[in-house]
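These notes concern the structure reproduced below.
Only a predicted model underlies this, so the values are computations on that prediction, with no experimental measurement involved. When a ligand or atom number is given, it counts from 1 through the structure's own listing order.
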Amino acid sequence: MKVLITGGAGFIGSHLSDELIAGGNEVVVLDNLSTGRFENIAHLDGNKSFQFVEGSIMNEMLVDKLVERCDVVYHLAAAVGVDLVVKKPLESLITNIKGSEIVLDMVHRYHKKILITSTSEIYGKNTNGPLKEDDDRILGSPLKVRWGYSTAKAVDEMLAYIYWKEKKVPTIIVRLFNTVGPRQTGAYGMVIPRFVNQALKNEDITVYGTGKQSRCFLHVKDVIKTLVKLMNSKDAVGQVFNIGSQEEISIENLAKKVIEITKSKSKLVYISYEKAYEEGFEDMQRRVPDTTKVNSLVGFKPTIDLEGTIKSVVEYYKK
Ligand code: UDP
């Protein structure tokens, strides 16, 4: 198949490119290298099944041309990372809403199948767990940037779903919970690459808030294998799926685990959310996915545990 991956030079997109090329597909990556990095895909450069196009999903003519040429689209391009979204709210909102609208418009024009990645941010402050796909979203004011981001991604989901309902465009929505692995950068806030880099340099580990908030981290390899299975499943069309780990850990314990794995001399320092992000910032206290749905349809069982995941990030940064 000829596959278009928007955001294919990003952390997740580049691993997806590797997987699809290894599976004998032709891959075209569209990425504007805003948060994605050429070095993530440099090893694919020169492969005759691979093409990199530097450009934006906001460029309608370019997206039109690329979608027409491909069989299926994985739409991963987005402004992600809490830190990035807080620091560049306008750009993030426009990319996430208008950019996705353009990509969906083109898959509609050429009637191509699309898998669109959404986020666990959708659930907002709902701390029930494990969260099922049809659970309620609990959000604060849209004037708080984080909830604006959650809403923008919800608009993407609505568009994708309604294109399926009304126009029969084959769309699949995937909500990614915290995803980690080699090539992820801490520059946009993501906690594990940040902690690993701090630990490797024996610097203070910056725990935000009380550190009692918890997350579940899944290795990117387990994520992308599931994305491909969903794309290849007829029954996934018109549906939304959670993908994530259920191995829950508090951020404070995560910091300790990173110190232990790296044998670092680092100490934990606690930093208020106001200092870390902005005045009035609200965090999610807990976020655990229910993955029954994806497991029933395509079989989903993480193969790499949290310790293995952290070690893979440590190895990457040591190199
Ligand atoms: N976090 C932290 N220190 C950091 C970066 C993040 O304590 O240097 C916390 C953050 O406040 C959140 C958790 O780690 O509670 C996960 O943050 P991340 O941005 O990786 O993902 P998300 O909040 O989107 O789950």
Side-chain angles (χ1 to χ4, degrees), residues 10-12 35 78-88 92 96 117-127 129-131 137-140 144-154 175-181 183-201 203-220 223 242-259 262 264 266-289 306 309-310 313 317:
F11 153 59
I12 301 176
T35 56
V80 295
V82 178
D83 210 38
L84 175 73
V85 170
V86 168
K87 287 191 180 129
K88 294 187 174 174
S92 302
N96 290 341
T117 48
S118 180
T119 165
S120 54
E121 288 275 328
I122 286 291
Y123 297 104
K125 293 186 270 187
N126 190 336
T127 52
L131 293 159
R137 306 177 58 220
I138 303 177
L139 304 181
K144 286 194 178 163
V145 169
R146 184 169 205 164
W147 310 131
Y149 170 67
S150 172
T151 302
K153 293 302 286 186
R175 291 187 191 140
L176 299 180
F177 283 64
N178 298 69
T179 303
V180 188
R183 302 180 196 155
Q184 187 176 44
T185 149
Y188 310 109
M190 280 73 166
V191 67
I192 290 191
R194 285 177 58 78
F195 282 5
V196 165
N197 277 300
Q198 290 164 345
L200 288 175
K201 293 180 195 149
E203 291 172 356
D204 288 343
I205 308 263
T206 54
V207 175
Y208 298 161
T210 60
K212 305 286 181 223
Q213 72 273 28
S214 69
R215 294 291 188 276
C216 304
F217 299 92
L218 183 61
H219 196 282
V220 65
V223 171
N242 288 335
I243 299 182
S245 156
Q246 290 190 314
E247 195 181 341
E248 188 174 2
I249 188 165
S250 73
I251 297 303
E252 190 175 52
N253 286 338
L254 176 72
K256 291 178 188 160
K257 209 175 181 69
V258 169
I259 291 177
T262 52
S264 169
S266 294
K267 300 261 175 302
L268 275 54
V269 291
Y270 292 81
I271 297 174
S272 70
Y273 288 122
E274 284 67 30
K275 264 210 179 127
Y277 298 111
E278 63 176 359
E279 199 59 40
F281 180 86
E282 289 178 280
D283 198 10
M284 283 90 172
Q285 288 312 299
R286 184 170 188 231
R287 206 153 58 181
V288 185
L306 177 61
T309 301
I310 296 172
V313 178
Y317 279 109

Legend entry - Those residues that, when tested against Thr309, pass side chain to side chain contact (heavy atoms under 4.5 Å, CB included) (two or more places apart): Val180, His219, Ile304

Legend entry - side-chain hydrogen bond (donor to acceptor under 3.5 Å, both in side chains) between Gln198 and Ser266, intermediate numbers included: CA-CA 7 Å; Gln198 290 164 345; Ser266 294; over 6 Å; no

Legend entry - Set of side chain to side chain contact (heavy atoms under 4.5 Å, CB included) partners for Lys275, sequence neighbours left out: Ile271, Ser272

For ligand 1, list every N/O pair with the protein closer than 3.5 Å, one pair per line with the distance.
from     : atom 1 : to     : atom 2 : distance (Å)
ligand 1 : 3 (N)  : Thr206 : O      : 2.6
ligand 1 : 7 (O)  : Tyr208 : N      : 2.7
ligand 1 : 8 (O)  : Arg194 : NE     : 2.7
ligand 1 : 8 (O)  : Arg194 : NH2    : 3.4
ligand 1 : 8 (O)  : Thr206 : O      : 3.3
ligand 1 : 8 (O)  : Thr206 : OG1    : 3.0
ligand 1 : 8 (O)  : Tyr208 : OH     : 3.4
ligand 1 : 11 (O) : Asp283 : OD2    : 3.4
ligand 1 : 15 (O) : Gln213 : NE2    : 3.0
ligand 1 : 15 (O) : Asp283 : OD2    : 2.6
ligand 1 : 20 (O) : Val191 : N      : 2.8
ligand 1 : 21 (O) : Asn178 : ND2    : 3.3
ligand 1 : 23 (O) : Arg146 : NH2    : 3.1
ligand 1 : 23 (O) : Arg215 : NH2    : 3.2
ligand 1 : 24 (O) : Glu121 : OE2    : 3.4
ligand 1 : 24 (O) : Arg287 : NH2    : 3.2
ligand 1 : 25 (O) : Asn178 : ND2    : 2.9
ligand 1 : 25 (O) : Arg215 : NE     : 2.6
ligand 1 : 25 (O) : Arg287 : NH2    : 2.4

Inset, instruction - Return the set of residues passing salt bridge (charged side-chain N to carboxylate O under 4.0 Å, His left out) with Arg146 (not counting sequence neighbours), or none when no residue passes. - result: Glu121, Asp283

Legend entry - Thr185 (side chain) donor-acceptor with Arg183 (main chain) under 3.5 angstrom: no

Inset, instruction - Report yes if the distance between the aromatic ring centroids of Tyr208 and Tyr277 is under 6.0 Å, otherwise no. - result: yes

